[in-house]
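For the numbers below, each heavy atom of this structure counts, side chains included, while hydrogens, waters and symmetry mates do not.
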Amino acid sequence: MTGADVLVTGAGPAGAATAAALAKRGVRVLLADPADDDTAADYDVMLSGPARRGLARIGADRSLTVRPFDVVRLHVDGDAGRTVTDAHAASCAPDALLEALRETAVKAGACLIPGVVADLERAADGWHATVDGEAVTARHLVIATGSAGVPVAMEHRRYGRVNVCRFEGAVSRGQLLLGLASTANQPPACLWALPGDGRTVTIGAAVMGDPAGVLDRAVDWLPGLTAGQAAGPVSSGVIDCGYTPERVAAAESILVGDAAGLANPFTGEGLSYAVSSGLLAAEAIVANLADPDAARRQYARRLATRFAGYFETAHRAERRYHLTWRILSATAGSERPFFAKARRAILLPDGPAVLPGHNDAFLVSCDEVELSLIRAQWPFLARMLLEAGGSSRRRTRPALLFLAGALAAGNAIEPRHARTAAAAELAIYGALAFLGQAPLPATENRGVDWVSATTVLAGDFLIAQASRLAAESGSEVSWSFADWLAEVTSLRAARLDQDAAVAPGDVFAALFEFPARLGAVLGGSPGGTAEVLREAGRHCGHAYLHAEEVLALRGERTRLDITLEILIRDRICGLSETVLTDPAARATALAVSTAVCRAAAARALEAVSEIPDATARSVLGEFVQVVAAPARTASEGPAKRQRLSIPCPRGRHEIPGTRPGRGAPGWKAGRGRREYDADAAGRVAAVPESRDPGEHARNLGVARRAAHAPARGPAQRDLTAAPPDRCGQHRHARLGLPAARRRRPS
Amino acid sequence: MTTTVFAEQVARRVEQLTDGLPGSLREPAVALARRPGKGLRPMLVAACAAFGTPDATRLVRLGAVVELMHLASLLHDDVIDRAAIRRDLPAAHVTVGAERAALAGLACFALAGSQATALGRGVDKLAARTAAELASGQLLDTERAFDTELSVPAYLELAGRKTGALFRLCCLLGAAEAAVDPGIGRALGGFGAEFGVAFQVLDDCLEFTPGSGKPAGTDHKLGLFGVPTLYALTADPSGELATLVLAPEFGDGELAAVRELVITLGGLDAGLRLARERYDQALGQLAELDSGPREELVALAGSVWRDAG
């Protein structure tokens, strides 16, 4: 009998990646290879950016020859198309990929046994099975057998098919051509032409139905493709896109890759999910080697915070899936950041962040709160959210500002504050959805205008969820949320009206200061510290916008996925239109934006240096560095970060809540405030309003502008100034709000 | 205080509040606030609060909260629907552009939020939860475009979120203000939710009643089919109606043909029956309540019903 820690059934990409990652951590693994697919594949597969990152993490990229490409040409219904850069993808032969993965696993010490796993049984000491007749036993079981033979109920499965075929003489000019095709009475399809060895391309199609005949029309849907000759048979495979958190949580073993239903139902892509779910599974097993159930639970939970399935909406799943197609198709011509982001998130996702050290418990809780509110209703938004917080962009997520704020006074972070941080983050994403609205087209055409409708629907949805979380976080948060939303709308309107008193960066300053301030107040920071956090957040906002300008001026992909033209035309930035046509003006603008971005970052770091708590300084200091990274010159590079005097230790940030003996102060402060609140609300209720409400609102509007003067001192002093109603007064004083706004009556 | 005077006070307060909005957001919001509808939502707040002895000033402020939420959703709905006309004048996005109209809606929502929080007693929480319902109702309402197979129960679910939720909020806020027993509060909330659905179904039927004042055919043009059309579609094995409502060009001629066919197929009658049924169910929720304020509330509901029907 062969014994091991882990038995992995199936040596495809997901199974082999799991085994390799485990073996590298010294875990004894049996990798069973049923060898059911011994025909040599006559096509290439795409390795997406995240798939390549995953392979690199286990070192499987070293012996693998790939043909990298960065550019994707996206066509919708055969249109002229648009270019998506920064794909970091590659193509390779599937057998080479498998060989590299298996070799990596075996070299690291995994035991590869050919044969089919049978007679699986769970006993007190672990799993018992036979592989080709030989008895094996292992404590953990990882199912990696693809979409077939998985212990999953039918209703959880969502099958699609992928057909691929190699073509000779067809040319795709070294880039991936990706096409979305919707035809009447047929399920929509995704087609692609993947560059091969120079003479051939692999043409493929994925459909949540039958792709028969779709490949024949590839030239229609992919206008960049010249016709070629089929150079091999059509290979066909089933994909399962039915991932739901319940499906994985309910399984007795760990399901990875296709077995978990992780394939993308739009593109059929599954490799990146196979690899990253394998890595997640390995992490969970290593962390719970003695306790397979704990490993399974950890894996299911972590997976649920990194993936959102498209069919999680129960009886509305199909409808939402088709809504997403509709939106993709109808907004194909829009370069608005919301839709550019949607296209990326759905068709070319950056993938989940699996790097440990960036996933501290608090941020994971934020993800869980956000996803739990959204995934069951709007999976497409959940995907966008995951992407917004995914991989490199994860390091500029607003929840980090909240985290830094909450730690600033040195108090323990309270788990319930994850809900408030999620409120701030959702609110910011919601506000961004509204940024820039195309003029409505003439109404002659029938039907919904998806460009306007989607941004309003999504923005409202996110803002409403945020408002709910804010209200549930207590009336202080509720009040400051409403006040902040009013401020953001007013600043943006002022930008639209070309009001010189409002700088372009002020909108972003307002977006970024909110989570920092909220965190500071809830974390028990005194007014002065909260104001420092707020100041740091504001400068981060300015730095962020100028970093966007820098990237757009350089012609690089920006974090908002926004084009230079839209930045200017929608008055999001303050650059002049001449930079679009005049190279000299553009070069000057780049120098200016770079300098302004650095200056804003320097001011932010200055504020950061005043924060009492070292961990908070380090979290926020790193945040500033990442935000302003595009403005660093090439010679400085990432290795030579200007850290000034801020200590930024590498690796995992310690959450003070986990330190012994630091929990009490935060709780005490929290309780005190709640009592105070109830009292304040009671008193307000008894006091009839004595002022003209119109005047109140007018003051808000007028004074709001003044609040954006850079001076910090006056705002602080004004914390005790009398606002128009008592309720507001208390909350302002406590939340460190800019009472300055209220001080200046019109 | 008569309900009319109350409605006017609320309208005035909403106007004052929106008048304080900054810059170019003021005009679209104020323009809409100056042309209030019937003030049904605030009047529901007051009628439900009459089950206790509420503070008159707070009641006006509560009424303003629900009206502001309503204004916010009107401004956004018009952007989503590309509706050219709102309350007899050009819609906000026509006069100030889509982004300002959307921002004005957000600003009204923010105003509702700060007003709700200032009122204390959990008003903000109730309002925020309702906003979340409204947003998901809005999503359901839009994604069904051109769905000729939408079931009536699915439609009623979306009507419950899109219209019922706000009516329910009005009733709950009134009940909370009156500090009624939880049982009475539940009954009033249930009444609001049901009445909202009945109101929505009746509103759908109005598209088929000439001279009702509702702009004709807007929903059909968008591919959003109400209860009469959905009923008629199920009663039409020939598929003629489905072809007609899905026609790529949809003008007055098509609209007239749809109207006639829906009426012939019995869709309008079925819609009116369903509206009446939900209306009776709504009133049924009130059966156990004190007769004085109950009669006032039933009278309010009845007057709306008569006006509409």
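- By the 4.5 Å heavy-atom criterion applied to side chains, A/Ser452 and B/Ile80 are not counted as neighbours.
- Summarising the geometry, atom CZ belonging to B/Arg129 is positioned 12.0 Å from atom CD belonging to A/Gln465; distances are rounded to the nearest 0.5 Å.
- Atom CZ of A/Phe481 sits about 10.0 Å away from atom OG1 of B/Thr117, to the nearest 0.5 Å.
- Residue A/Arg419 qualifies as open at atom CZ: its count of foreign heavy atoms under 6.0 Å is 12 or below.
- Sequence neighbours left out, the pairs with a member in residues 65-85 of chain B that pass ring pair (Phe, Tyr, Trp, His ring centres under 6.0 Å) are A/Phe434-B/His76.
- Residues of residues 323-331 of chain A having a heavy atom under 4.5 Å from any heavy atom of chain B, listed by number: A/Leu323, A/Arg326.
- For the set B/Ala247, B/Gly223, B/Gly122, B/Ala104, the entry with the most heavy-atom pairs within less than 4.5 Å of chain A is B/Ala247.
- Within the model, atoms CG of B/Leu106 and OG1 of A/Thr489 stand 6.5 Å from one another, a figure rounded to the nearest 0.5 Å.
- For B/Asp77, no part lies near chain A; criterion is any non-hydrogen pair under 4.5 Å.
- When the candidates B/Leu134, B/Leu140, B/Val96 are compared by the number of heavy-atom contacts under 4.5 Å with chain A, B/Leu140 comes out ahead.
- With chain A as partner, the option from B/Ala154, B/Ala131, B/Ala132, B/Gly97 having the largest number of non-hydrogen pairs under 4.5 angstrom is B/Ala132.
- A/Asp483 and B/Ser114 share no side-chain donor-acceptor pair at under 3.5 Å.
- Using a cutoff of 4.0 Å between basic side-chain nitrogens and carboxylate oxygens, A/Glu472 and B/Lys125 are not scored as salt-bridged.
- Distance check, rounded to the nearest 0.5 Å: CG of B/Leu25 to CZ of A/Arg492 gives 11.0 Å.
- When side chains are defined from C-beta on, B/Leu103 does not count as touching A/Val488, because their heavy atoms never get closer than 4.5 Å.
- In this structure, the portion of B/Leu246 lying under 4.5 Å from any heavy atom of chain A is its backbone and not its side chain.
- Taking CG of A/Leu457 as the reference point, atom OG of B/Ser136 lies at 11.0 Å (rounded to 0.5 Å).
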